[in-house]
Amino acid sequence: MKKPKVAFICVHNSCRSQIAEALSKHLSSNVFESYSAGTETKPQINQDAVRLMKDMYQIDMEKTQYSKLLSEIPQVDIVITMGCNVNCPAIPCKYREDWGLSDPTGKNDVEFSKAIHSIHTKILELTEKIIKDELISKNI
């Protein structure tokens with residue numbers, strides 16, 4: 001079976017969506033392809049996110065990722081919005097879900113770590129749903 005493509009979408013593509021892309025590649029690359037993008041970009045990935053992902057997972061997001069616009073990623077099967085409290089653009093997909101995560105930007109390491117752990121848990125749940133074919137086949 002072809003691996004589905006999953007896009008993690010946030011406004012600036014600099015923090016939560018970048019964390020989700022990195023963790024998905026780390027945890028679930030055997031199940032789905034991961035991308036992240038935003039409606040705007042930032043010159044660099046959030047440095048607290050970069051530092052904590054290195055500390056927690058030994059993942060250096062700056063080596064393999066950068067802030068991207070929606071137009072820079074391929075067509076995807078699944079769209080996950082991070083909870084931007086804005087109207088996310090309509091991106092063609094077979095399944096869409098909003099994770100409703102608060103942006104930890106500007107907050108302390110404890111709040112950042114909570115966000116990272118929450119994303120980790122949600123990625124594992126998403127991976128299990130994809131393995132069980134609970135998302136795409138029911139929504140085509």
Side-chain angles (χ1 to χ4, degrees):
M1 184 180 127
K2 190 182 100 183
K3 289 194 283 188
K5 291 178 173 72
V6 177
F8 299 96
I9 307 300
C10 210
V11 174
H12 296 117
N13 188 225
S14 64
C15 189
R16 292 165 292 170
S17 54
Q18 290 286 348
I19 292 167
E21 179 183 358
L23 281 176
S24 294
K25 287 178 176 174
H26 180 70
L27 299 168
S28 303
S29 63
N30 60 324
V31 176
F32 61 88
E33 293 179 30
S34 304
Y35 303 90
S36 69
T39 53
E40 303 171 21
T41 60
K42 290 280 189 179
Q44 66 181 12
I45 299 172
N46 181 294
Q47 292 300 289
D48 290 322
V50 169
R51 177 177 50 81
L52 287 167
M53 288 294 287
K54 280 181 189 172
D55 289 349
M56 296 168 73
Y57 296 94
Q58 294 71 56
I59 296 172
D60 186 349
M61 293 192 299
E62 291 183 308
K63 282 190 175 178
T64 58
Q65 295 173 214
Y66 60 95
S67 187
K68 299 169 288 306
L69 292 172
L70 297 169
S71 60
E72 296 178 67
I73 62 171
Q75 184 173 345
V76 296
D77 303 297
I78 298 170
V79 170
I80 304 292
T81 52
M82 297 286 108
C84 312
N85 295 324
V86 296
N87 286 331
C88 287
I91 303 165
C93 62
K94 296 173 184 168
Y95 178 79
R96 177 182 305 269
E97 182 175 307
D98 182 74
W99 284 357
L101 299 168
S102 296
D103 187 356
T105 299
K107 297 182 180 166
N108 64 32
D109 284 2
V110 171
E111 291 303 311
F112 249 97
S113 293
K114 284 181 187 175
I116 292 169
H117 286 299
S118 191
I119 292 168
H120 182 134
T121 299
K122 288 182 174 294
I123 287 167
L124 294 178
E125 291 167 356
L126 176 65
T127 302
E128 193 61 30
K129 289 176 186 175
I130 291 171
I131 289 170
K132 291 180 177 177
D133 201 23
E134 294 177 355
L135 303 180
I136 296 173
S137 63
K138 291 181 180 175
N139 290 287
I140 292 179

Practice item. List in chain and number order the residues that pass salt bridge (charged side-chain N to carboxylate O under 4.0 Å, His left out) with E111, two or more places apart in sequence or in another chain; answer none if no residue qualifies. Key: K114
Review point. Can you list the residues that meet the salt bridge (charged side-chain N to carboxylate O under 4.0 Å, His left out) rule with E72, with sequence neighbours excluded?
Key: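 If we apply the salt bridge (charged side-chain N to carboxylate O under 4.0 Å, His left out) test to E72, skipping adjacent residues, there are no hits.
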Point to revise | L135 side chain near L126 side chain, heavy-atom distance below 4.5 Å | key: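 A side-chain contact exists here, since the closest heavy-atom pair is under 4.5 Å.
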From [X] [atom1] over to [Y] [atom2], what is the distance, rounded to the nearest 0.5 angstrom?
X    : Y    : atom1 : atom2 : answer
K107 : T105 : NZ    : OG1   : 8.5 Å
L70  : I91  : CG    : CD1   : 4.5 Å
K122 : L101 : NZ    : CG    : 6.0 Å

What are the two closest heavy atoms between [X] and [Y], and how far apart are they?
X    : Y   : value
I19  : M53 : CG2-SD, 3.9 Å
F112 : A49 : CE2-N, 3.7 Å
I119 : R16 : CD1-O, 3.7 Å

Practice item. Establish whether Y35 and L69 are linked, either directly or via other cluster members, by ILVMFWY side-chain heavy-atom contacts under 4.5 Å. Key: no
Check your understanding: Is there a chain of hydrophobic side chains (I, L, V, M, F, W, Y, each step under 4.5 Å between heavy atoms) that links I80 to I131?
Key ->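 Same hydrophobic cluster.
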Review point. Under the 3.5 angstrom rule, does the side chain of Q47 hit a backbone N or O of I45 as a donor-acceptor pair?
Key: yes
Review point. Hey, does the side chain of S67 reach the backbone of T41 with a donor-acceptor pair shorter than 3.5 angstrom?
Key: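 The answer is no, because no donor-acceptor pair under 3.5 Å joins these two groups.
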Review point. What residue pairs, at least two apart or across chains, pass ring pair (Phe, Tyr, Trp, His ring centres under 6.0 Å) with a residue in residues 117-136?
Key: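 Sorted pair list: Y57-H120.
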Check your understanding: For Q75, does the CD atom have more than 12 heavy-atom neighbours from other residues, nucleotides or ligands under 6.0 Å away?
Key -> no
Check your understanding: Passes side-chain contact (heavy atoms from CB on, under 4.5 Å), I78 versus V76? Steps please.
Key -> CA-CA 6 Å; I78 298 170; V76 296; over 6 Å; no
List the atom pairs, donor and acceptor, that lie under 3.5 Å between side-chain atoms in residues 6-14 and the rest of the protein, sequence neighbours left out.
residue, atom, partner, partner atom, Å
H12, NE2, E40, OE1, 3.1
N13, OD1, Q18, NE2, 3.0
N13, OD1, K68, N, 2.6
N13, ND2, S17, OG, 2.9
N13, ND2, S36, OG, 2.9

Point to revise | Candidate pair D109 and R51, rule salt bridge (Lys or Arg N to Asp or Glu O under 4.0 Å), full reasoning | key: CA-CA 10 Å; D109 284 2; R51 177 177 50 81; 2.8 Å; yes
Exercise for review: Applying side-chain contact (heavy atoms from CB on, under 4.5 Å), name anything that partners D77, two or more places apart in sequence or on another chain.
Suggested key: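 Partners of D77 by the side-chain contact (heavy atoms from CB on, under 4.5 Å) criterion, ordered by chain and then number, come out as P4, K5, K94, I136.
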Which pairs would a plain distance check flag for residues 25-32, meaning a side-chain donor or acceptor within less than 3.5 Å of a matching protein atom at least two apart in sequence or in another chain?
residue, atom, partner, partner atom, Å
K25, NZ, E21, OE2, 2.7
S28, OG, T127, OG1, 2.5
S29, OG, K25, O, 3.3

